[in-house]
Amino acid sequence: MTFAIHGLAVSRGIAIGRAVVVAASRVEVRHYFIDANQVEAELDRARKARAAVVDELQRLVSDLPEDAPGELAALLEVHLMLLQDEVLAAGVRHWVAERLYNAEWALMTQLEQISRQFDEMEDPYLRERKTDLEQVADRVLRQMRGQATSPVAAPPPPPAPAQDGSQPMLEGLADAPLVLVAQDLSPADMLQFKRSVFAGFVTAVGGKTSHTAIVARSMDIPAVVGARAASQLIRQDDWVVIDGNAGVVLVDPSPIILEEYRFRQRQDVLERERLARLRHTPAITLDGQKVELLANIEQPGDAGAAVHAGAAGVGLFRSEFLFMGREGKLPGEEEQFEAYKAAVQGMQGLPVTIRTIDVGADKPLDKVSRDISLNPALGLRAIRWSLAEPAMFRTQLRAILRAAALGPVQLLFPMVSHQHEVHSIVQQVRLAQSELEARGVAQGPVQLGAMIEIPAAAITVRSLLQHFDFVSIGTNDLIQYTLAIDRADEAVAHLYDPLHPAVLHLVAQVIQTANDMGKQVCVCGEMAGDTAMTRLLLGLGLRSFSMHPAQILSVKQEVLRADTRKLQPWAQMVLAAESPAALLEVTQ
């Protein structure tokens with residue numbers, strides 16, 4: 001009997017195959033006290049397990065195949081960084097030496113403490129790095145237990161014919177690919193799967209910014225995450241359809257349903273082939289309007305994927321990855337410069353917009369102890385934190401200015417909302433430039449821009465643009481702050497609405513004001529990569545979109561089919577509608 005499991009659509013496409021169900025990876029942990037004379041032996045056991053996992057991950061990084069996506073290497077590096085973090089090791093030493101916990105218990109206790117810090121993070125990308133930490137701990141625990149560090153078993157053999165000689169129900173699919181069903185997947189596991197025959201992934205946990213989703217998109221493999229019941233309801237060798245477009249997993253599909261999805265799969269392949277031919281086609285509308293399609297990246301290595309996708313540049317390079325999980329040991333100027341240099345050179349002369357660090361006192365990145373705010377989303381974060389730490393801020397600015405000598409770079413500042421912040425930003429940039437001049441270090445010119453992600457900034461964008469060269473609309477936070485909705489809170493997540501009239505009016509106002517003033521304006525939130533929003537944004541006057549590289553060709557196709565002369569009056573109708581979403585659905 002066919003049944004459906006719903007999750008989050010994170011990587012487009014359709015996969016059909018037999019299920020390989022991976023057991024939940026969490027190792028059962030024994031809790032017991034040790035004697036004082038056993039402390040050193042227990043600590044030695046923990047050190048050896050950690051060293052073994054470090055060696056294993058380093059081998060995986062060094063042996064990465066040439067066609068491995070940059071995201072996969074970057075995530076393995078994140079796991080290495082978390083594994084070698086002194087806070088994790090020091091915590092284990094504390095619980096073993098002071099409380100006389102056994103090593104496994106000590107590791108899990110420290111993991112829980114650090115996990116609480118991740119839970120308090122406002123940024124969903126950083127919050128989901130908690131999963132990376134859990135997977136690192138899981139590998140160490142398996143080493144302590146003498147178990148394989150990967151929970152994945154070899155794929156099962158194809159189902160044998162029945163005793164009467166008949167074939168399985170899905171005749172003709174005996175050689176079908178395998179699809180993976182798991183509680184969660186680590187980057188190391190993903191590397192194994194890349195080398196195998198898996199055509200799609202289903203995980204019970206994860207979000208749109210989880211590492212599984214990131215790698216699946218980079219590998220262009222159909223994937224559904226957050227399908228909570230998947231690992232319990234799907235059995236080994238079940239036939240499964242993964243609809244990565246809709247976020248649905250169909251189990252034991254009937255012949256009629258299967259044929260429908262086979263047809264969709266063939267259409268999807270043809271669509272991808274058509275889109276691939278657009279890679280080098282200029283993004284110009286039917287009425288001759290040039291549109292800039294840029295890429296969002298998290299790591300310097302992502303630049304290759306952006307160029308391959310035909311991006312006109314990088315519209316958002318999130319610099320947070322350099323600061324993650326370091327517990328106060330912030331990266332120096334040289335380390336940052338090398339990272340920005342790699343991104344700039346990787347884009348082969350195309351412009352790169354680097355956003356300064358978008359974290360704050362609510363993140364475990366602060367180099368001094370601060371009280372945790374009752375509402376970290378509204379606290380000392382983003383540009384507020386940078387301006388409160390001018391030495392750190394100028395270190396980042398100097399590194400970016402130096403990278404600008406190697407190619408076109410724009411500087412983007414997050415969460416700007418006040419004029420005094422604008423003046424302080426400009427002052428800090430000038431100081432950083434003067435410091436480099438005094439040292440005789442090469443630097444390049446940069447344009448300065450502000451992220452518009454607070455309603456106050458959207459409303460006063462005209463005065464901000466008196467001082468900035470461009471603005472980028474961060475629709476994710478703008479929606480959250482406008483509607484007072486925590487998009488990570490499942491109880492109210494259904495109220496998170498990019499088509500709310502208030503949100504659309506703010507977006508439209510920013511675009512119109514920037515265009516009137518002859519300043520650049522870009523949308524770099526999820527809205528930019530949503531093809532259902534492309535026509536509306538074009539009609540509102542937007543000519544610059546920044547998104548995940550995998551979304552560029554689909555958005556380009558919408559641009560090539562659009563006539564902005566017809567879209568402009570329609571977009572005004574959508575703005576005036578009581579229910580913009582309903583009007584958008586009717587006219588798509």
Side-chain angles (χ1 to χ4, degrees), residues 121-127 208-209 294 296 298 314-320 353-363 373 375-387 410-422 424-425 448-465 467-489 495-500 502-514 519-530 533 537 540 542 544-548:
M121 296 181 184
E122 183 63 25
D123 189 302
Y125 177 82
L126 294 177
R127 187 168 56 245
K208 291 193 174 184
T209 53
L294 306 167
N296 295 342
E298 282 89 25
V314 169
L316 176 63
F317 176 17
R318 300 180 177 96
S319 63
E320 291 82 47
T353 299
I354 302 174
R355 183 178 68 187
T356 58
I357 182 171
D358 189 10
V359 294
D362 59 306
K363 314 294 194 296
S373 170
N375 195 335
L378 306 180
L380 190 66
R381 54 169 300 203
I383 195 61
R384 301 170 181 175
W385 184 61
S386 292
L387 292 174
Q410 296 189 136
L411 255 171
L412 181 60
F413 303 98
M415 208 175 177
V416 176
S417 59
H418 291 81
Q419 280 294 325
H420 68 79
E421 291 172 340
V422 176
S424 296
I425 289 168
L448 306 184
M451 285 279 287
I452 305 300
E453 47 194 339
I454 299 175
I459 293 168
T460 61
V461 67
R462 182 173 295 276
S463 86
L464 291 178
L465 279 171
H467 305 278
F468 287 113
D469 301 297
F470 69 98
V471 289
S472 289
I473 307 174
T475 53
N476 299 353
D477 272 341
L478 183 61
I479 296 166
Q480 174 169 265
Y481 288 126
T482 302
L483 302 181
I485 298 297
D486 182 354
R487 59 183 182 271
D489 186 342
L495 298 173
Y496 183 84
D497 181 12
L499 289 171
H500 190 287
V503 173
L504 291 183
H505 278 280
L506 288 175
V507 171
Q509 177 179 329
V510 173
I511 294 171
Q512 184 65 51
T513 302
K519 298 292 183 81
Q520 302 173 46
V521 56
C522 178
V523 168
C524 59
E526 289 294 322
M527 196 182 284
D530 184 352
M533 299 294 295
L537 291 171
L540 293 176
L542 186 69
S544 182
F545 299 67
S546 191
M547 67 208 76
H548 189 281

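A quick note: this is a predicted structure, and the numbers were derived from the prediction, not measured.
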Enquirer: Would you say D469's side chain and L448's backbone share a donor-acceptor pair under 3.5 angstrom?
Expert: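 Present.
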Enquirer: Look at the side chain of E320 and the backbone N and O of D358, then say whether any donor-acceptor pair between them is shorter than 3.5 Å.
Expert: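 Yes, because the side chain of E320 sits within donor-acceptor range (under 3.5 Å) of the backbone of D358.
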Enquirer: To the nearest 0.5 Å, how far apart are CG in D477 and OH in Y481?
Expert: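 Here the rounded value is 5.0 Å.
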Enquirer: Using the rule given for side chain to side chain contact (heavy atoms under 4.5 Å, CB included), can you reason through V521 versus I452, listing the C-alpha separation, both sets of side-chain angles and the distance that settles it, and then say yes or no?
Expert: CA-CA 10 Å; V521 56; I452 305 300; over 6 Å; no
Enquirer: Contact between D530 and M547 at the side-chain level, heavy atoms closer than 4.5 Å - yes or no?
Expert: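 D530 vs M547: side chains apart.
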Enquirer: When rounded to the nearest 0.5 angstrom, what distance separates CD1 in I454 from CG in L478?
Expert: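 Here the rounded value is 9.5 Å.
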Enquirer: Quick check against the 3.5 Å criterion: does Q509 have a side-chain atom that pairs as donor or acceptor with the backbone of I459?
Expert: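 The answer is yes, because a donor-acceptor pair under 3.5 Å joins these two groups.
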Enquirer: Quick one: pull up OG in S424 and NE2 in H418 and give me the separation to the nearest 0.5 Å.
Expert: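 Nearest 0.5 Å value for the OG-NE2 distance: 11.5 Å.
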Enquirer: For F468, does its backbone N or O pair with a side-chain atom of K519 as donor and acceptor, under 3.5 Å?
Expert: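 Answer holds: yes.
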Enquirer: Roughly how far apart are H500 NE2 and T482 OG1, rounded to 0.5 Å?
Expert: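 The OG1 atom of T482 is 9.0 Å from NE2 of H500, to the nearest 0.5 Å.
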Enquirer: Just so I know, are the side chains of I479 and D497 near enough to count as touching, which here means a heavy-atom distance under 4.5 Å?
Expert: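 The answer is no, as the side chains (C-beta and beyond) never meet within the 4.5 Å cut-off.
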Enquirer: Shortest non-hydrogen contact from F413 to V416?
Expert: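 Shortest heavy-atom separation between F413 and V416 comes out as O-CG2, 3.6 Å.
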Enquirer: So how far is it from I473 CD1 to M451 CE, rounded to the nearest 0.5 Å?
Expert: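 Here the rounded value is 10.0 Å.
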Enquirer: At what distance, to the nearest 0.5 angstrom, does CG of L412 lie from OG of S472?
Expert: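 Between L412 CG and S472 OG, I get 4.5 Å after rounding to 0.5 Å.
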Enquirer: Please report the shortest heavy-atom distance between M415 and A382, naming the atom on each side.
Expert: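 Heavy atoms of M415 and A382 come nearest at CB-CB, 3.5 Å.
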Enquirer: List the atom of S463, the atom of Q419, and the distance in Å for their closest heavy-atom pair.
Expert: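 The answer is OG-NE2, 2.9 Å.
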Enquirer: Can you name the nearest heavy-atom pair linking I357 to P414, along with the distance?
Expert: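 For I357 and P414, the tightest heavy-atom pair comes out as O-CG, 3.9 Å.
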Enquirer: Check V422 against H467 and note the closest heavy-atom contact, atom names and distance.
Expert: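 That would be CG1-CB, 3.4 Å.
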Enquirer: Are the side chain of S319 and the backbone of R355 linked by a donor-acceptor contact shorter than 3.5 Å?
Expert: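 Side chain of S319 to backbone of R355, a donor-acceptor pair under 3.5 Å: yes, one is there.
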Enquirer: I'd like to know whether L464 forms a side chain to side chain contact (heavy atoms under 4.5 Å, CB included) with V471, so could you lay out the CA-CA distance, the side-chain angles of the two residues, the decisive distance to 0.1 Å, and finally the verdict.
Expert: CA-CA 9 Å; L464 291 178; V471 289; 5.5 Å; no
Enquirer: If every non-hydrogen atom of S546 is compared with every non-hydrogen atom of N296, which pair is closest and at what distance?
Expert: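 So the two residues come closest at OG-OD1, 2.6 Å.
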Enquirer: Just jot down the side chain to side chain contact (heavy atoms under 4.5 Å, CB included) partners of S544, sequence neighbours excluded, or say none.
Expert: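 Partners of S544 under the side chain to side chain contact (heavy atoms under 4.5 Å, CB included) test: E292, L294, C522.
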Enquirer: Can any side-chain N or O of E421 pair as donor or acceptor with the backbone N or O of S417 at less than 3.5 Å?
Expert: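 Judged by distance alone, yes, a pair lies under 3.5 Å.
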Enquirer: According to ring-ring contact (aromatic ring centres under 6.0 Å, His included), who are the partners of H505, at least two apart in sequence or on a separate chain?
Expert: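 Counting only residues at least two positions away or on another chain, H505 forms no ring-ring contact (aromatic ring centres under 6.0 Å, His included).
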